[in-house]
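This report concerns only the one structure given below.
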Amino acid sequence: MTRYILGRFAQALGVLWAAYTVTFVVLYLLPSDPVALQLGAAGIETDKLSPAELHTAMARYGLDRPILEQYFSDLWGFLRGDLGESIAKQEPVTALLGERLGPTLTLTVTAGVLALLGGTALAYLASYVRWRPARLFLTRLPSFGASFPQFFIGLLLIQFLSFNLGLLPATGTYGWKSLVMPAITIAILAASQLAQVLMRSFDDTLSQPYVATARAKGLSRAAVQWHHGFRNALLPAMTILGILVGLTVTSAIVAETVFSRNGIGKLAQESVLAQDVPVVLAIVTIAAAIFVFVNLVVDLLYPLLDPRIVHGQRKAVA
Amino acid sequence: MALSVSTEPKNLQPTSAGPVDVGPPAAGPAAATSAGPGGLGTTGGTEAPGTSGLAAISAIPGEELVDDTEPGGRRAGLVASLRTLGSKPGFVLAVLFIVFVAVTAFAPGLFTSRGPFDTAPADRLVSPSFDHLFGTDEIGRDLWTRMLYGSALTIKAALIALAIAVIVGLALGVLSGFCGGFVDALLMRVVDVLLAIPALLMALAIVTALGFGTVPVAIAVGVGIMPGFARITRAEVLRIKTLPYVEASRAGGASWLRVLLTHVLPNSWGPVAVLAVLDTGVAIIYIASLSFLGFGAAPPAAEWGTLISAGRNYLVTAPWVSLLPGLFVAATVLSLNHISKTLQERGR
């Protein structure tokens, strides 16, 4: 078991390193002229500089070094927690992220909780209801929710809740009232994805022999679904937790832009617009790290929650 | 769907139909060769009814009674197909809407007499009417017209993205599933890494590197959604590789390349097609999102996302400027989702 855990840790680190490298390659090797791209972010037009000035400017941002040296020094920085310096804002990336971490964390956690509760409740209800029209409606709801672009959901909410009803502020970063609409915007998509997986899982679980046995013992349908179905149906859905968290993190980019919240998502949008390469690299890597971490935790927890996996593992080792 | 409907009777009665009437060209060689060993071809279909997208679709009542080659046979099949369609009005509606959107993408001028940049200073922010279906924007441009010209950009971007995702994903998946061993392990690790970076963020990184505009956004989204195709193609290839007709074909002396082209590829495209329809919707959402965030085509050209974004400033006074185009996008994606879902359910 220890070997399994260590192996999974090593694998997670490997994936993370590779994700960093892929992003680095995309950002530093794909552009036709990476130097012009990056100096452009600092407001310097490379064609108007004399060769000497250009050289100073490149040295200022460490762009005169060979690409491999840049890669290794950046990677070493990441390992020590130094994410480099924003070219457009002339500030350390860690400081930029630190300033904006709070609002984004509040938003994504709230949205995540909303999505988990909403998605689970919807799937639970959809597999409990027997009246055909209601069931059809409930099972179609997730694909409906997933079809609306998030920025559009956000605009609809602003239109109805802020402008028509005047209940909530349309934009802003502080106070719980400004949190409600962006959180709902993010949660709808994540909840839809979760509900789709859970509904299928409920279908599988409720057709298992032990469910038939429980029903034959005389338990009501409600009791069977709650005591026998629910926890077993939740297990397979755990595997998409990583995807859901990734979705919530990326959704924050759109939601924070729509609602003008000063978080990391808005920073991501601004940085791409300014082509601020170090900030984009940092944000993509952090998002990948979150995804890898959540998947690692799920992988390690899964055998504890579902003992059948452990037995399979032992057999495989033996 | 047409593919499976016409090939299935051959599997049921391999002697009478024979390889004479090969239907669509893609299905031709596969059906002809698999009809050769007869029994093997049919067991392949019945063994995996749950996962095979192709074999299960064809169970339309009446289809087996009339041979395709008899006079009226095709018509009977057509009537049965129409009846099935008639019981799914939502599906028909979705297909019609997608056809409409596709037509607007290639000939936006068909449905409007105005130009996308025609301004009418007197008609600023006019609310929707028969004259202006979607109303007008802040400088009097007709939004319906701009939306239609927007689909030219957005749909083409979605098609580019999809082409990249399908071609690269299919190549990776086939290579991985077919070679197995080290190549498989290596390619799947690469796909794992790409999956670890959320698609939208991958797209953002690529847009940062390539710059803004419709084509960079399309490339970025294509790369972002590609890993899913690699995964599903590999799974299908692995499944089909073990089926008896592949073994029979190999035993008959066919090279792996021939097996790949005539058996594996034609039989594995079902789930890939379903994913492709679904991911067209996903690609449209991503493309609209990226252009909403400001990375799309430069003004005055307007993609769907740009239009919606531009209308944000007038949400209080003229909500239709943002909301109607948004609804149009949602309807498009919803239609694609519905089509994909129906195909998937029919495939089960």
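Throughout, protein chains are lettered first and strands after them, A, B, ... in sequence-line order, and every chain is numbered starting at 1. It should be emphasised that the depicted structure is a prediction, and the values quoted were computed from it without experimental measurement.
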Using a cut-off of under 4.5 Å on heavy-atom pairs, state which of [options] scores highest against chain B.
options	value
A:Ala18, A:Ala146, A:Ser162	A:Ala18
A:Ile253, A:Val277, A:Val292	A:Ile253
A:Val26, A:Val284, A:Val272, A:Val280	A:Val272

For the residue pair A:Ser147 and B:Asn337, confirm or rule out a side-chain donor-acceptor distance under 3.5 Å.
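A donor-acceptor contact under 3.5 Å links the two side chains.
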
Indicate the atoms forming the closest heavy-atom contact of [X] with [Y], along with that distance.
X	Y	result
A:Gln159	B:Leu323	CG-CD1, 3.7 Å
B:Pro198	A:Thr250	CB-CG2, 3.4 Å
A:Ile283	B:Leu201	CG2-CD2, 4.3 Å
B:Val207	A:Gln275	O-NE2, 4.1 Å
B:Ser322	A:Leu155	OG-CD1, 3.7 Å

Once you round to the nearest 0.5 Å, how far does [atom1] of [X] lie from [atom2] of [Y]?
X	Y	atom1	atom2	result
A:Tyr20	B:Ile197	OH	CD1	12.0 Å
A:Lys266	B:Leu293	NZ	CG	9.5 Å
A:Phe151	B:Ile308	CZ	CD1	4.0 Å
B:Phe212	A:Leu273	CZ	CG	5.0 Å
A:Gln11	B:Asp192	CD	CG	7.5 Å
B:Leu204	A:Ser271	CG	OG	10.0 Å

Checking A:Glu270 against chain B: side chain, backbone, both or neither under 4.5 Å from a heavy atom?
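No part of it gets close to chain B.
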
Examine whether an atom of A:Phe144 lies under 4.5 Å from a heavy atom of chain B, and if so say whether it belongs to the side chain, the backbone or both; otherwise answer neither.
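Both parts, heavy atoms under 4.5 Å.
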
Considering only heavy atoms and a distance below 4.5 Å, find which of [options] pairs most often with chain A.
options	result
B:His338, B:Met202, B:Arg189	B:His338
B:Ser289, B:Ala199, B:Gly305	B:Ser289
B:Gly294, B:Ser309, B:Ala196	B:Ala196

Can you check whether B:Phe292 reaches A:Val258 side chain to side chain, under 4.5 Å on heavy atoms?
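They are in contact (side-chain heavy atoms under 4.5 Å apart), so the answer is yes.
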
Salt bridge (charged side-chain N to carboxylate O under 4.0 Å, His left out) partners of A:Asp204, counting only residues at least two apart
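For A:Asp204 there are no salt bridge (charged side-chain N to carboxylate O under 4.0 Å, His left out) partners, ignoring immediate neighbours.
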
What part of B:Leu327 is in contact with chain A, defined as an atom under 4.5 angstrom from a non-hydrogen atom: side chain, backbone, both or neither?
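Contact with chain A involves both backbone and side-chain atoms of B:Leu327.
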
Flag yes if more than 12 heavy atoms outside A:Phe293 fall under 6.0 Å of its CZ atom; otherwise flag no.
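Open.
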
Does atom CZ (A:Phe163) have a neighbourhood of more than 12 heavy atoms from anything else shown, all under 6.0 Å?
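Yes, enclosed.
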
